[in-house]
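For reference, the structure is listed below as structure tokens.
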Amino acid sequence: MSTIRLGDIAPDFSAITTEGTINFHEWLGDGWGVLFSHPADYTPVCTTELGTVAKYKDEFDKRNVKVVALSVDGLESHKGWVNDINETQNTSVNFPIIADEDKKVSELYDMIHPNANSNLTVRSVFVIGADKTVKLIITYPASTGRNFDELLRVIDSLQLTAYHKVATPANWSNGDDCVVVPSVATEDIPSIFPKGYKEVKPYLRLTPQPNLD
Ligand code: BEZ
């Protein structure tokens with residue numbers, strides 16, 4: 001078991017998947033990645049989750065994000081279950097699913113929480129940046145299906161704040177005003193943010209989202 005924290009290099013691994021063996025870092029290339037685990041194949045919540053992710057492929061592609069799922073079930077199980085997902089969710093699974101039967105990747109990413117379930121992975125999500133560092137970690141219990149709109153929202157925020165001196169306020173979504181980071185002095189804002197700004201308090205300065213026309 002290893003502890004992974006934000007800012008760490010995402011541990012590299014090779015694994016058998018429904019799309020062949022992948023070497024994680026090589027597979028990511030210079031794009032962003034999402035690695036997410038689910039408890040088990042042929043279970044209802046997971047079926048809806050993987051179907052939803054397949055339908056969001058264009059959204060992940062637009063953001064240059066590759067997605068890979070994982071459970072501790074084997075390859076043949078994954079392949080049979082993918083047929084069910086495609087049938088019941090009216091989609092076509094278009095991303096690899098890791099068959100982590102030996103729990104190598106699950107343990108590397110601390111996806112098994114023994115006091116929740118000693119054999120199965122929880123619903124972990126790791127977002128990995130183009131620099132291979134871990135940008136986001138979220139953990140859900142088996143009983144709660146994830147909100148993939150929220151995942152896209154956070155990726156939008158991560159990709160925005162990686163390149164601009166802004167942060168995103170509560171409930172921000174793409175297009176909303178952003179917060180100027182505290183390290184930018186108020187007198188420097190006009191040259192950095194030509195769209196203008198509003199000073200609500202000296203420590204709370206808002207500016208239109210800088211990466212939109
Ligand atoms: C599910 O995906 O439906 C599920 C998996 C494990 C426990 C509970 C629900």
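If you read the sequence from its start, that first residue is 1, and numbering goes on from there. Just follow the structure's listing: the first ligand is 1, and inside any ligand the first atom is 1.
Side-chain atoms of D177 and Q209 form no donor-acceptor pair, as typed in the model, at a separation below 3.5 Å. Side chain to side chain, N94 and S92 fail the donor-acceptor criterion of an N or O pair below 3.5 Å.
The residues lining ligand 1, counting any heavy atom closer than 4.0 Å, are P39, T43, P44, V45, C46, R123, A142.
Using bins of under 30°, 30° to 60° and over 60° for the plane-to-plane angle, the ring pair Y109/F13 lands in the perpendicular bin.
Side-chain contact check for T133 versus D8: every heavy-atom pair is 4.5 Å or farther apart.
Rounding to the nearest 0.5 angstrom, the gap separating the CG atom in D84 from the NZ atom in K79 is 15.5 Å.
Between the side chain of H78 and the backbone N or O of I98 there is at least one donor-acceptor pair closer than 3.5 Å.
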